[in-house]
Number of protein chains: 2
Amino acid sequence: MSSPKTTIKEIASSLGLSIATVSRALNDSCEIHPETRRRVLAKAQELRYKPNIQARNLLKRRNNMIGIVVPEFITFFFPEIIIGIQEVVNKQGYQALICQSNESSSLERKNVEMLEDSMVEGLIVSVTKDSQNIDLYERLIQERTPIVFVNRVLPQLQADQIVIDDRKWAFKMVEHLIKCGYKQIAHLAGNPDLSVSKERLQGYLDALATYNIPIQEQFIMHVGVQQDRAKSGIDYLMVLKEKPDAIFAVNDPIAIGCILELRKRGLNVPKDIAVAGFSESPIGKIMELTSVSQPTFEIGRIAAERLLKQIENYNTLKETIVLDAKLNIRNSTLPQSKRGH
Amino acid sequence: MSSPKTTIKEIASSLGLSIATVSRALNDSCEIHPETRRRVLAKAQELRYKPNIQARNLLKRRNNMIGIVVPEFITFFFPEIIIGIQEVVNKQGYQALICQSNESSSLERKNVEMLEDSMVEGLIVSVTKDSQNIDLYERLIQERTPIVFVNRVLPQLQADQIVIDDRKWAFKMVEHLIKCGYKQIAHLAGNPDLSVSKERLQGYLDALATYNIPIQEQFIMHVGVQQDRAKSGIDYLMVLKEKPDAIFAVNDPIAIGCILELRKRGLNVPKDIAVAGFSESPIGKIMELTSVSQPTFEIGRIAAERLLKQIENYNTLKETIVLDAKLNIRNSTLPQSKRGH
DNA sequence: TTGTAGGCGTTATCAA
DNA sequence: TTGATAACGCCTACAA
């Protein structure tokens, strides 16, 4: 790091050898005398030699770095994905540069460009809530940059995408609410351009249709994905003449925001109204929130594996990999019959 | 990334110039004809030229990378510190390699060594719960590696350390409990080798002494810092003949673990027993947990600034910077008189 | 104002 | 088995 580094050149001169020989000894090539290898290794240790990977990288035209761009890493979700990624790539000698776009598409763009400048060998991306940078990713793909999208994806792109079946699990969630006896089910949806928002909304609509429940437009509102956006949803729903008896929120933060906001108004979940989330969070768990848990670590691991595969050989078929999830039923969606009304 | 990169050499030949001239144009040196600069820049754009920073780094013997090692980044605390760090270093053209040791000192060591191999220019570290790698950090400091410790520090080292006054704020917390009328205050301490554990325990002892409350050894137990470690503390405290009426936990996760564990036993916080945490977490806030909030982003920013200063000139005086914090009183430590007994 | 040439620390291809 | 040498892409004296 800071202290002047010793190079193979110094080892060579202090041993009266050529740098080529030293290099060979260090890379334990077979074409070297065992005795000289021993001397070189000893000297290297003595001089605390550390190879300069920058030089090596320059020569090999790589740097063993990948970039990760996520909307945020304050809550558990993306951190867990990142850990899954690191597990895989570190083992292969890769380091990850991790950026968060703070849900801003312009910062997302800056991050990607920074990572390009750093010459990372590939990218794993989860896009921001407004999905504004399609042109950027189209360029990267056209330039044959290895790239994998996770969770928040851009289905229109020809790229590896790692997701769960949001539509199916949203369906199951709403189906669960219906079977619990709820009839007026509202949906607080996420940002309309976000893949997961669209899918989950679709799942909600599917379920209502399947169970012959008329769709009520006024029960659907796009609020966003961040907890502080829940208030506007509650504000809206709670002044409808006909109020919902259950809310399916696009994710746990919104669901939690709802519960807190309802609490402020003296309303109890699930006594007065049921609430369901998505992408189970630790807070939600503590609050007894029914939710869908995603295999976060696995998402990360598989994304990393796909990316390494692309780096090795870009000409592999790009695919959307759909992982399994799980519906976890808790108190926030107690069946009507058990709510003690 | 993947597609063959264009180099200054190609720009030079396609323009009939020497690479030196091209280089000068690109780095807008003053000693160049405005017209040739224009031509070069145009050509560079046309050929989508991107400088190879590896080559540049090799030449300048730096790589504009720093390393960050934290015990975990699943909860909000370290992520916020990391964001603070990135804010500062990104602005200066640095990238951060972020590693988490998962509270394992051997992984911490591996991480640091990986970062050394990556030739980062400096490190920002928060050590794992058992603080086992002092020898490692002594070596780094002896080799004059720029390094800054945050939050979980090693006071015995001659290095920049960014902290809050854990002892003082623990004192204030316990003082608050005393003033609320609590008399049997237990402390669930963190791992005994951890700087923050020691300081907070000391603050607890200080407060009892100041208010002439006899210290009861059986009210102090080292449980650790992770939520699942709280159970053992409650198990222990709840079988004492004389039970505590308040618990000061080393941090929010332990406090939250306590509340959940107490809840399981049908005990209510604060009705039956008060609980206080430390390093305010979002979950704690929702659970109305009294806690001390730390200026996480600021910790990160200041750590980054100190590190950059060290990188610029290692011979600056190393110091311990103590930032301010805040005691946030909530329902979990309601005054005895208001608990409605 | 521009070109030539040397070097950053390695690896790899030749000869020796 | 070893040594000289040419890259890798860029910057920067120095010379022209």
Side-chain angles (χ1 to χ4, degrees), chain A residues 1-44 47-65 93 116-121, chain B residues 1-44 47-65 93 116-121:
Chain A
M1 309 202 187
S2 181
S3 38
K5 319 262 349 154
T6 74
T7 71
I8 50 170
K9 203 180 284 188
E10 304 172 53
I11 300 182
S13 70
S14 84
L15 242 41
L17 290 170
S18 77
I19 57 167
T21 312
V22 174
S23 173
R24 274 188 283 257
L26 259 20
N27 297 294
D28 52 35
S29 134
C30 48
E31 39 183 45
I32 192 166
H33 193 96
E35 173 56 18
T36 44
R37 127 115 41 75
R38 206 195 46 69
R39 284 173 58 215
V40 170
L41 261 39
K43 199 58 165 184
L47 266 40
R48 296 173 158 290
Y49 168 78
K50 286 247 178 191
N52 183 324
I53 50 155
Q54 318 227 64
R56 187 180 294 166
N57 287 340
L58 176 58
L59 208 56
K60 305 219 160 159
R61 273 181 224 75
R62 9 191 343 209
N63 65 5
N64 286 287
M65 299 218 296
E116 276 192 278
D117 291 343
S118 298
M119 308 213 307
V120 294
E121 296 183 35
Chain B
M1 309 201 188
S2 182
S3 39
K5 318 247 18 140
T6 74
T7 71
I8 50 170
K9 201 180 284 185
E10 303 172 53
I11 300 182
S13 69
S14 85
L15 243 41
L17 290 170
S18 77
I19 58 168
T21 311
V22 174
S23 172
R24 275 188 283 256
L26 260 19
N27 297 294
D28 51 36
S29 137
C30 47
E31 38 183 43
I32 191 163
H33 193 95
E35 172 58 16
T36 43
R37 125 116 43 75
R38 205 195 47 68
R39 285 173 57 218
V40 170
L41 260 38
K43 199 59 166 182
L47 264 40
R48 297 173 160 287
Y49 169 77
K50 286 248 175 189
N52 182 324
I53 49 156
Q54 318 227 64
R56 188 179 292 166
N57 287 339
L58 177 57
L59 208 58
K60 306 220 160 158
R61 274 181 221 76
R62 5 190 348 208
N63 64 4
N64 287 287
M65 300 220 295
E116 276 191 278
D117 291 342
S118 298
M119 308 213 309
V120 295
E121 296 184 35

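Just so we're on the same page: letters track the sequence lines, and every chain starts at 1.
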Using a 4.0 Å heavy-atom cut-off, does B:Leu17 contact any base of the nucleic acid, only the sugar-phosphate backbone, or nothing at all? sugar-phosphate
Is B:Thr21 close enough to C:dT2 that one of its side-chain N or O atoms is under 4.0 Å from OP1 or OP2 there?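 It does not, given that no N or O in the side chain of B:Thr21 lies less than 4.0 Å from OP1 or OP2 of C:dT2.
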Does any part of the side chain of [Y], heavy atoms only, come nearer than 4.5 Å to the side chain of [X], both counted from C-beta?
X: B:Val40; Y: B:Ile11; result: yes
X: B:Asp117; Y: A:Lys50; result: yes
X: B:Leu58; Y: B:Asn63; result: no

Does A:Gln54 offer a backbone N or O that forms a donor-acceptor pair with the side chain of B:Gln54 under 3.5 Å? no
Backbone N or O of A:Val120 within a donor-acceptor pair of the A:Ser118 side chain at under 3.5 Å?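 Such a contact is absent between A:Ser118 side chain and A:Val120 backbone.
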Which residues, if any, of residues 34-41 of chain B bring a heavy atom under 4.0 Å of DNA chain D?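 Output list: empty, so none.
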Measuring from atom [atom1] of [X] to atom [atom2] of [Y], what distance do you get when rounded to the nearest 0.5 angstrom?
X: B:Asn52; Y: B:Ile8; atom1: CG; atom2: CD1; value: 10.0 Å
X: A:Ile32; Y: A:Leu26; atom1: CD1; atom2: CG; value: 9.0 Å
X: A:Asn57; Y: B:Ile53; atom1: CG; atom2: CD1; value: 10.0 Å
X: A:Arg48; Y: A:Thr6; atom1: CZ; atom2: OG1; value: 10.0 Å

Evaluate whether atom CZ of B:Arg62 has more than 12 neighbouring non-hydrogen atoms of other residues, nucleotides or ligands under 6.0 angstrom away. yes
Rounded distance (Å) that lies between atom C1' of C:dT10 and atom CG of A:Asn57: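 So the two atoms are 10 Å apart, to the nearest Å.
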Pairs flagged by side-chain hydrogen bond (donor to acceptor under 3.5 Å, both in side chains) wherever residues 10-25 of chain A is involved - sequence neighbours left out: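 The answer is A:Ser18-A:Thr21, A:Ser23-A:Asn27.
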Considering all heavy atoms of both residues, which atom of B:Met119 and which atom of A:Pro51 are nearest to each other, and what is their separation? SD-O, 4.2 Å
Please figure out whether B:Cys30 or B:Arg61 has its closest DNA chain C nucleotide nearer the 5' end.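 Result of the comparison: B:Cys30.
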Partner residues of B:Arg39 under the side chain to side chain contact (heavy atoms under 4.5 Å, CB included) criterion, sequence neighbours left out: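 Here the qualifying residues are B:Leu15, B:Glu35, B:Thr36.
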If you walk 5' to 3' along DNA chain D, what is the first nucleotide with an atom under 4.0 Å of a heavy atom in chain A, and what is the last? D:dT1 to D:dG9
Based on the rotation axes of five pairs at each end, what angle does the helix from C:dT1-D:dA16 to C:dA16-D:dT1 bend through, to 10°?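 Inter-axis angle at the termini of the helix from C:dT1-D:dA16 to C:dA16-D:dT1: 50°.
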Heavy-atom protein contacts under 4.0 Å, nucleotides 11-16 of chain C, coded B base, S sugar-phosphate only, - none: BBB---
